[in-house]
Structures are given as C-alpha cells and as structure tokens.
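First up is the structure itself, then whatever we jot down about it.
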Amino acid sequence: MKEAQLHEAVCRYISHMYPGVIFNSDMSGVRLTKGQAIRASKLRSSRGFPDIVIFEPKYQDVKVSFSGCLFIELKAKGTKITKKDGTLVAKKHIREQAAMIQELRERGYVAEFACGFDHAKQIIDKYLSYDTKRNS
C-alpha cells in the first residue's frame with residue numbers, strides 16, 4: 001500500500017471506528033502544481049509536520065499525564081526509520097520528521113511514526129482507549 005492509500009485508509013478507519021473524534025489530515029498524496037506546493041509549504045511551520053492530528057485530549061490517572069492531541073507521521077509498511085543501532089536513517093526528510101516528532105513530544109503531545117496500516121491502527125486504538133479524566 002502506497003503512502004497516499006495508507007493515509008486514506010487510516011482516515012476512513014478513524015471516521016468509522018471513532019465517529020465523534022475530531023481529526024485533520026494534511027491531504028497526503030494530493031497532486032499539486034509547483035505553485036500550489038510552494039504556497040502550501042508556506043501555510044505550515046515545518047516540512048516535517050505529521051500527516052494526521054487527532055484532537056482528543058487524554059488524561060491518565062496513573063501518571064497524571066495529559067496530551068491534547070495525537071500526531072501521526074504515516075509511512076508505508078516496511079519503511080525504515082532507524083538503523084539497527086537505533087540511530088536515524090540518513091534520509092533528510094525522515095530526519096526532519098523525527099525532529100518535529102521529538103519537538104511535539106517535548107511539548108507534551110503524543111507523536112509517533114506509524115509504518116503501515118496495522119501499526120497506525122495500533123497507535124490510534126491505544127491512544128483513544130485511555131481513560132479520560134477531564135479537569136473541572
């Protein structure tokens with residue numbers, strides 16, 4: 001499954017399994033003219049911004065932690081993010097995406113790479129299955 005097909009499948013999954021959840025997608029795989037692509041790049045903070053954002057605040061009683069959103073960077077199944085020694089692969093774009101994921105984590109969000117549909121589904125299900133505890 002190509003990334004564009006994966007992206008669409010994950011969005012369909014969220015809509016079907018979690019109909020009340022608000023999410024946004026960066027429209028991965030949409031063909032843009034060069035001018036449109038340049039303009040679109042000016043409308044985000046970084047090229048490394050994740051593909052999907054799920055706007056669902058989650059609180060955990062055990063650690064008293066909070067995350068306002070889940071960010072997912074989708075990759076085709078089998079895409080290598082790290083080498084065997086745990087360091088990032090040399091691809092510039094993956095390094096930019098990894099830096100953004102780290103920045104989002106440092107700000108308290110949940111941010112992950114998902115390689116393939118099953119991995120994305122696992123991340124989404126785990127995040128959305130947390131017991132919520134909203135501050136009054």
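What you see below is based on every heavy atom in this structure, not just the backbone, and it leaves out hydrogens, waters and symmetry mates.
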Query raised in the report: Any side-chain heavy atom of V89 sitting closer than 4.5 Å to one from T82?
Result: no
Query raised in the report: Which heavy atom of S25 sits nearest a heavy atom of C11, and at what distance?
Result: CB-SG, 3.9 Å
Query raised in the report: Do H119 and K77 touch side chain to side chain, with heavy atoms closer than 4.5 Å?
Result: no
Query raised in the report: In Å, rounded to the nearest 0.5 Å, how long is the span from SG of C69 to CG of N24?
Result: 10.5 Å
Query raised in the report: Just by distance, do the side chain of E8 and the backbone of Q5 share a donor-acceptor pair under 3.5 Å?
Result: no
**Report entry** Contact check, side chains of K75 and I94, non-hydrogen atoms, under 4.5 Å
**Finding:** yes
Query raised in the report: Are the side chain of D51 and the backbone N or O of L74 linked by a donor-acceptor pair below 3.5 Å?
Result: yes
**Report entry** Close side-chain approach of I124 to I14, heavy-atom, < 4.5 Å
**Finding:** yes
Query - From K80 atom NZ to F113 atom CZ, the distance as rounded to the nearest 0.5 Å - result: 14.0 Å
Query raised in the report: Hey, mind stepping through F49 and D26 against side chain to side chain contact (heavy atoms under 4.5 Å, CB included) and telling me if it holds?
Result: CA-CA 9 Å; F49 198 80; D26 76 351; over 6 Å; no
Query - Crowding at NE2, H16 (>12 non-hydrogen neighbours, <6.0 Å) - result: no
Query raised in the report: With the 4.5 Å side-chain cut-off for hydrophobic clustering, are L88 and I72 part of the same group?
Result: no
Query raised in the report: What's the verdict on ring-ring contact (aromatic ring centres under 6.0 Å, His included) for Y18 and F23, showing C-alpha distance, side-chain angles and the deciding distance?
Result: CA-CA 10 Å; Y18 303 99; F23 70 95; over 10 Å; no
Query - Same apolar cluster: I101 and I123, side chain cutoff 4.5 Å - result: no
Query - Polar side-chain atom of T87 near backbone of K83 as donor-acceptor pair, under 3.5 Å - result: no
Report task. Measure the CZ-CZ distance between F71 and R107 for me, rounded to the nearest 0.5 Å. Result -> 10.0 Å
Requested in this report: Might you confirm whether atom CD1 of I22 has over 12 heavy atoms from other residues, nucleotides or ligands at distances under 6.0 Å?
Outcome: no
**Report entry** Salt-bridge present (R105, E112; N to O < 4.0 Å)
**Finding:** yes
Requested in this report: Give the C-alpha distance, both sets of side-chain angles, the deciding distance and a yes or no for side chain to side chain contact (heavy atoms under 4.5 Å, CB included) between E56 and Y127.
Outcome: CA-CA 9 Å; E56 186 69 20; Y127 181 81; 4.3 Å; yes
Query raised in the report: How about L128 and I54: do any of their side-chain heavy atoms sit closer than 4.5 Å?
Result: yes
Query raised in the report: Counting N and O atoms only, with roles assigned by atom type, does the side chain of S129 sit under 3.5 Å from a partner on the main chain of D125, one being a donor and the other an acceptor?
Result: yes
Query raised in the report: Side chains of E3 and H7: do they bring a donor and an acceptor to under 3.5 Å?
Result: no
Report task. Answer yes or no: is there a side-chain heavy-atom contact under 4.5 Å between P50 and L104? Result -> yes
